[in-house]
Amino acid sequence: MSIVEVSKLTKFYGKARGIVDVSFNVEEGEIFGFIGPNGAGKSTTIRLLLSLIYPSSGNAKVFGKDVVSYGPEIRRNIGYLPSEVFYYEGMKVINLLRYSASFYEGDFDKRLHELSEYMELDLSRRIDDLSYGNKKKVGIVQGLLHSPKLLFLDEPTSGLDPLMQRKFFDLIRQENARGVTVFFSSHILGEVQRLCTRVGIIREGQMVEISDIRSLQQSNYKKVHVSAAGISAASFDLPGVTNLQADNGTARFFFKGDINQITKKLSGMQIADVTIEEPTLEEIFMHYYE
Amino acid sequence: MKANILRHEFQGHLRSALRWSLSVAALILVFFSIFPSFASSAATMNQLMANFPPELLEAFGMNGLDMASVLGFFGLLFLFVQICLAIQAGSYGFGLVSIEESELTADFLITKPVSRTHILNSKLLAVLACLLITDLAVWLSSLAGIALFTGSREVDLGTLVLLLFSLPVFQLFFLSVGLIISLLVKRVRSVTPYALGLGFGMYVLSAFSGIGDVAALELITPFKHFDARYIVQHAAYDLPLVLLDLAVSAVSLVAVYWLYVRRDIRAVV
């Protein structure tokens, strides 16, 4: 069953483009990655699904219900972690979380303490005394507190240190294992690849690709940088090599295909230095759609 | 209906409401404390005032008020009370939804399983309760001032009640007009200048309408809709103007709901 169904969704802010004709589905129980550079329309899409803003045309359904007509009902089972978290400054963390919980049916005090302990969040502090990272933790607890069936995470890892990021990912995996569907927006390809089963790529307001993570990885480019004596453009005359630049004993290029072909080539050389890395998202976009 | 937003909003406004209440009550009592000396030299006072340019007296709504009578004196004081309450109600109106948007807590609230209508209902009820607290302070301190400082002079209770009970309707105007303006302008960066502008602006319009005999202005400003001098002189409301005042508030509120339910809550840029 599709938890999220988006069909030709379009949003203009006056004349400014938000998103145009975006269509995709998110299936029950999956972790759907939503990647694109800043300003591509990721937040716009999420805000439309949460009825923070309303579509110019097209429509979206969550849990099979139209988001414009059934917003409050849908949001009972949604957890949202915004990319920038802002809460009522004068409140204490515990009071804010209790206020948040008071919007849902049930008693969430036990879960509140479990989650806060897990995320190492001090409940007695005031919101305005918190660092950015700690505010983010409040956001995480707040988003998960009421055991939602669908989670919207909008660039959730910014501001979290690597240790906390890992704890957070573990938490999301646990929730997912309980059957929670996750919509994970990010501009960092690596974290999407680690967590998600399927991804949608959005660029300049339009969905340019929806595929499962494995096929994306197989068709994925690697960025290779080699320094070796006597290197030249001819050394890497292979299918799948693009944007080859070679000079002064170094070569730089993108490679798409079986990485063993490259390592075989390299093993025959006297290498001074080599890096094989993920291209940045921008670089992927530049090459993915040539 | 869940009362959690109502409670949260009420607590958020309570401190400000108490501050306003104490200030206005203090203003009323201090003002009343000079009444005895005012009244004992009443003849001199009224003579002195007769020498003032009539435009000045018009601007303060004092022309035709007998400053030696309790209600005449109270009529002048009432104008200052009105200005205070206009600023308070205006600031609640301007801030009601705009503060959440400029401090970016609107995302938190609106992504909860509540409708926009419910949010507005709760917020409006909360500030109305806070405005009523201030009214209560005005009512009690006015009665206390009269009891303490006017001795055995006669007070027409009916007129006094008319004056005091006009305040909630007067406040509703500034609350609803502030709110609708906050939804129509692109962004309210700071509430205070808007609230001062609306409050004083309306007062200045009312003063001008008195000086220049611009009758059209009295249609716009609640200071004319609830002109203390008119109420004291006629022992009645200027009914058409009061109805106009109510109509403006009602239309504003309807428009507020219409706009807020359709409003895009923009993200941080």
Side-chain angles (χ1 to χ4, degrees), chain A residues 11-14 16 18 38-39 41-56 68-91 95-105 127-128 138-139 142-143 145-146 148 152 154, chain B residues 1-19 95-123 126 183-187 189-191 257-269:
Chain A
K11 177 66 186 176
F12 279 88
Y13 302 102
N38 293 327
K42 300 191 295 294
S43 291
T44 296
T45 309
I46 291 181
R47 297 177 81 79
L48 282 165
L49 291 172
L50 289 163
S51 327
L52 279 163
I53 55 178
Y54 297 106
S56 310
V68 177
S69 315
Y70 296 94
E73 196 182 325
I74 290 168
R75 291 196 295 271
R76 263 183 234 158
N77 289 307
I78 286 184
Y80 171 50
L81 174 59
S83 51
E84 308 273 336
V85 283
F86 295 94
Y87 296 121
Y88 304 98
E89 298 266 302
M91 286 178 99
N95 292 335
L96 178 94
L97 291 173
R98 290 211 168 115
Y99 181 44
S100 178
S102 72
F103 285 89
Y104 306 93
E105 298 295 328
I127 300 283
D128 37 354
V138 179
Q142 183 267 137
L145 192 52
H146 52 288
F152 285 106
D154 194 357
Chain B
M1 183 177 132
K2 270 197 171 184
N4 55 350
I5 304 179
L6 175 69
R7 202 177 313 124
H8 176 86
E9 290 290 325
F10 182 72
Q11 281 166 358
H13 283 91
L14 185 59
R15 201 185 285 246
S16 139
L18 292 178
R19 257 201 306 267
L96 202 62
V97 297
S98 77
I99 290 178
E100 298 239 21
E101 286 177 28
S102 61
E103 292 181 0
L104 305 158
T105 54
D107 281 19
F108 171 86
L109 191 56
I110 291 174
T111 54
K112 296 285 177 253
V114 285
S115 67
R116 302 263 181 111
T117 312
H118 173 75
I119 293 176
L120 263 188
N121 288 343
S122 310
K123 280 174 169 275
L183 290 174
L184 290 173
V185 299
K186 201 156 190 192
R187 179 159 277 175
R189 279 181 206 286
S190 169
V191 167
Y257 276 88
W258 196 88
L259 283 174
Y260 189 64
V261 164
R262 286 160 183 77
R263 186 171 177 80
D264 278 348
I265 310 296
R266 303 283 289 269
V268 203
V269 187

Is A:Leu52 in contact with chain B via its backbone, its side chain, both, or neither, using a 4.5 Å heavy-atom distance?
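Contact with chain B: backbone and side chain both.
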Relative to chain B, which segment of A:Ser102 carries a heavy atom at a distance below 4.5 Å: side chain, backbone, both, or neither?
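For A:Ser102, the contact with chain B is made by backbone and side chain together.
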As an exercise: rank B:Arg116, B:Arg263, B:Glu103 by heavy-atom pairs under 4.5 Å with chain A and give me the winner.
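Top count of heavy-atom pairs under 4.5 Å with chain A: B:Arg116.
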Measuring heavy-atom distances to chain A, does B:Arg7 have an atom under 4.5 Å in its side chain, in its backbone, in both, or in neither?
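Neither; nothing under 4.5 Å.
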Flag the one option from A:Tyr80, A:Phe152, A:Tyr99, A:Tyr104 with the top tally of heavy-atom pairs under 4.5 Å to chain B.
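Among the listed options, the one with the most contacts to chain B is A:Tyr99.
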A:Ser100 and B:Lys112: side-chain donor and acceptor closer than 3.5 Å?
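Their side chains do contain a donor-acceptor pair, which is all the 3.5 Å distance test asks for.
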Does the side chain of A:Tyr88 pick up a donor-acceptor pair with the side chain of B:Glu100 at under 3.5 Å?
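Looking only at side-chain atoms, B:Glu100 and A:Tyr88 do form a donor-acceptor pair, the distance falling under 3.5 Å.
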Does [Y] offer a backbone N or O that forms a donor-acceptor pair with the side chain of [X] under 3.5 Å?
X	Y	result
B:Thr105	B:Phe108	no
A:Arg75	B:Ile110	yes
B:Arg262	B:Trp258	yes

